[in-house]
Amino acid sequence: MRVLAAMSGGVDSAVAAARAVEAGHDVVGVHLALSETPAALRAGSRGCCSREDAADARRAADVLDIPFYVWDFAAQFTEAVVDDFVAAYAAGQTPNPCLRCNEKIKFAALLDKAIGLGFDAVCTGHYARLSDGVLRRAVDADKDQSYVLAVLTARQLGHALFPIGDTPKSEVRAEAAARGLRVADKPDSHDICFIPSGDTRAFLAGRIGVRPGAVVDAESGEELARHDGVHGFTVGQRKGLGVPRPAADGRPRYVLGIEPATGTVTVGPAAALDIREIDAERPVWGSGRAPDGPLSCVAQVRAHGGLAPAQAWPAADGGLRVELGEPLRGVAPGQAVALYRPDAAGDVVLGSATITATR
């Protein structure tokens, strides 16, 4: 099988490519250039896709003795991921850029180009497993990335390889060292790759500008503070609210809701964050088929954590309705809700959708 290995310059993608070679596939490595200013992307373990990462990926490909190329996807990445991220925050939503990158870049733009060039599959270093086209959680629960891959269609999953999903991260690093890959001890990148400073609020302010509004108490309706834009807030946020005094009962306040049209950020007690119903749009089903009726499942609303038993079913408008068996907190429009099979293992991904409203 002809395999295109997406090599980010990190240890996970390097070992994934090595395993694809070892499995007997005809492998070609490719590094995605996702920024017009790659020299500015990495700061220590923050960010990725920099010139440093491209060089690390090339050295790994040399060790594996496979062809290697750098493909420019900067324009697609800016439009589909960065601009989408900014627009979502401006609209009072909380997007997940890693999920959008998988959906729009690695398993859309990249996969389409790979298939057009005669490749059979795209191989990545994601921590997830595939079994007969079924997406499953990784063995290493702390590194599991099935949530950000739940957006993939049945067709995309049919052209994907995740070779390291059955291995704990510590063993992946040990294997990289044994193979002579210099990235064996390279720190994991974290935060948002296109915001290497880690200051999301400053990044958004530079793109969106000042849009003043009020921070309002949900119970009394009192204006507690002013702010420079709803992009500085997410549902469930506790710190950085700009409120000068605690609530009357001395308990902390949290962001309960964001109204971009008026610039109003509503805050209140933690108990008011409890969510039991979710509306979502653009559902994707791993099997390629939507269920005929209510589906028992486990819903997950964050990459790590935020799980609850649930019932889900297709809505009349083509979206998805989810009723949670127990409340979840910090659930916001723009996030994804991923659905898992409710068996003992709980590791089979059934589908996902983008949250539009909560109750």
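This structure is a prediction, so every number in the text was calculated from the model and none was measured. Only heavy atoms go into these numbers, but all of them, side chains included; no hydrogens, no water, no symmetry mates.
In this structure, V139 is not a member of the same hydrophobic cluster as V134, with clusters built from ILVMFWY side-chain heavy atoms closer than 4.5 Å. Following chains of ILVMFWY side-chain contacts shorter than 4.5 Å, one cannot reach V28 starting from M1, and the two form parts of different hydrophobic clusters. Transitive grouping of hydrophobic side chains (ILVMFWY, heavy atoms separated by less than 4.5 Å) brings L32 and F194 into a common cluster. If you chain together hydrophobic residues whose side chains sit under 4.5 Å apart, F107 and V148 fall into the same group. Residues V337 and W313 fall into different hydrophobic clusters, defined by Ile, Leu, Val, Met, Phe, Trp and Tyr side chains chained together at heavy-atom separations under 4.5 Å.
Smallest separation of non-hydrogen atoms from V81 and P97: CG1-O, 3.8 Å. Scanning both residues, C297 and L350, for their nearest heavy atoms gives CB-CD1, 4.1 Å. Residues A74 and D72 share a closest heavy-atom pair of N-OD1, 2.9 Å. When all heavy atoms of A218 and T266 are compared, the closest pair comes out as CB-CG2, 3.4 Å. The minimum heavy-atom distance between L149 and L135, with the atom names listed, is O-CD2, 3.6 Å. Looking at every heavy atom in both residues, L324 comes nearest to A299 through CD2-CB, 3.9 Å.
Salt bridge absent: D142 and R137 never bring a charged side-chain N and a carboxylate O closer than 4.0 Å. At a threshold of 4.0 Å, the pair K186-D53 counts as salt-bridged, since one of the basic side-chain nitrogens sits closer than that to a carboxylate oxygen.
Between the side chains of H126 and N102, a donor-acceptor pair is found at a separation under 3.5 Å. With hydrogens and angles left out, the side-chain atoms of Q311 and S296 include a donor and acceptor closer than 3.5 Å. S146 and D144 share a donor-acceptor pair across their side chains, judged by distance under 3.5 Å alone. Judged by distance alone, the side chains of S13 and S8 do bring a donor and an acceptor atom under 3.5 Å apart.
Between the Y89 side chain and the T234 main chain, no donor and acceptor come within less than 3.5 Å of each other. Without hydrogens or angle criteria, H227 side chain to G263 main chain gives a donor-acceptor distance under 3.5 Å. A donor-acceptor pair under 3.5 Å is absent between the side-chain atoms of D65 and the main chain of A61, judged by distance alone. Side-chain atoms of R136 do not come within 3.5 Å of backbone N or O of R129 as any donor-acceptor pair. Looking only at distances, a side-chain donor or acceptor of Q335 sits under 3.5 Å from a matching main-chain atom of A332. Panel note: side chain Q300, backbone A303; a donor-acceptor pair is recorded below 3.5 Å. T153 contributes a side-chain N or O that, together with a main-chain N or O of Q156, makes up a donor-acceptor pair within less than 3.5 Å. Distance alone, capped at 3.5 Å, places no donor-acceptor pair between the T167 side chain and the V172 backbone. Proximity of a side-chain donor or acceptor of E259 to a complementary backbone N or O of A261 within less than 3.5 Å is detected. Put simply, the side chain of S352 gets close to the backbone of A150: a donor and an acceptor are under 3.5 Å apart.
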### salt bridge (charged side-chain N to carboxylate O under 4.0 Å, His left out) evaluation trace for E219 with R253
CA-CA 11 Å; E219 297 176 336; R253 294 184 176 96; over 6 Å; no
### Stepwise salt bridge (charged side-chain N to carboxylate O under 4.0 Å, His left out) test for K104 and D84
CA-CA 11 Å; K104 299 294 186 180; D84 175 83; over 6 Å; no
### Query
When you look at R59 and D56, which way does the salt bridge (charged side-chain N to carboxylate O under 4.0 Å, His left out) test go after all the steps?
CA-CA 5 Å; R59 282 191 288 266; D56 287 341; 2.4 Å; yes
### Query
Would L273 and V235 count as a side chain to side chain contact (heavy atoms under 4.5 Å, CB included) if you check the C-alpha gap in whole Å, the side-chain angles of each, and the deciding distance to 0.1 Å?
CA-CA 8 Å; L273 287 170; V235 171; 4.1 Å; yes
### Task
Kindly indicate, with the supporting measurements, whether the criterion side chain to side chain contact (heavy atoms under 4.5 Å, CB included) is fulfilled by L161 and V122.
CA-CA 6 Å; L161 290 177; V122 167; over 6 Å; no
### Query
Passes salt bridge (charged side-chain N to carboxylate O under 4.0 Å, His left out), D274 versus R329? Steps please.
CA-CA 5 Å; D274 287 350; R329 292 183 175 179; 2.6 Å; yes
### Task
Assess whether side chain to side chain contact (heavy atoms under 4.5 Å, CB included) is satisfied between V255 and L241, documenting all intermediate values.
CA-CA 8 Å; V255 175; L241 305 185; 3.5 Å; yes
### Query
side chain to side chain contact (heavy atoms under 4.5 Å, CB included) between L224 and E222: does it pass, once the steps are laid out?
CA-CA 6 Å; L224 303 172; E222 177 189 1; 3.8 Å; yes
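Using a 4.5 Å cut-off on side-chain heavy atoms (C-beta onward), C101 and F77 make contact. A 4.5 Å side-chain heavy-atom check between D279 and R359 finds at least one atom pair inside the cut-off. Under the 4.5 Å side-chain criterion, counting only non-hydrogen atoms from C-beta, V27 is not in contact with L64. By the 4.5 Å heavy-atom criterion applied to side chains, V267 and L256 are not counted as neighbours. Between I275 and P327 there is no side-chain heavy-atom pair separated by less than 4.5 Å. Considering only heavy atoms from C-beta on, F73 comes within 4.5 Å of L110 through its side chain.
For Y127 and F162, the ring centers sit 6.0 Å or farther from each other.
Annotation: E79, atom CD; neighbour count of heavy atoms from other residues, nucleotides and ligands within 6.0 Å does not exceed 12. Annotation: D132, atom CG; neighbour count of heavy atoms from other residues, nucleotides and ligands within 6.0 Å does not exceed 12. For CG of D185, the number of neighbouring non-hydrogen atoms (other residues, nucleotides, ligands) closer than 6.0 Å is 12 at most.
Note that CZ of R155 and NE2 of H159 are 5.5 Å apart. Values are rounded to the nearest 0.5 Å. Here the CZ-OG1 distance, from R276 to T358, works out to 13.5 Å after rounding to the nearest 0.5 Å.
For A345, the side chain to side chain contact (heavy atoms under 4.5 Å, CB included) partners two or more places apart in sequence, or in a different chain, are D343, D347. With sequence neighbours left out, the salt bridge (charged side-chain N to carboxylate O under 4.0 Å, His left out) criterion links R182 to no other residue.
For R201 and F233, the positive end sits near the middle of the six-membered ring, less than 6.0 Å away and at most 45° from its axis. Cation-pi check for R2 over F119 is met; the charged atom lies under 6.0 angstrom from the ring centroid and within 45 degrees of its normal.
Of the residues listed (K169, K143, R19), the one engaging D12 in a salt bridge (charged side-chain N to carboxylate O under 4.0 Å, His left out) is K169, and it is the only one. Tested against L152, the residues V284, L157, L99, V349 include a single side chain to side chain contact (heavy atoms under 4.5 Å, CB included) partner, L157.
Taking the six-membered ring where the residue is Trp, F68 and H31 present tilted rings, their angle falling between 30° and 60°.
Applying the salt bridge (Lys or Arg N to Asp or Glu O under 4.0 Å) test to residues at least two apart or on different chains, the pairs with a partner in residues 282-310 are E103-R282.
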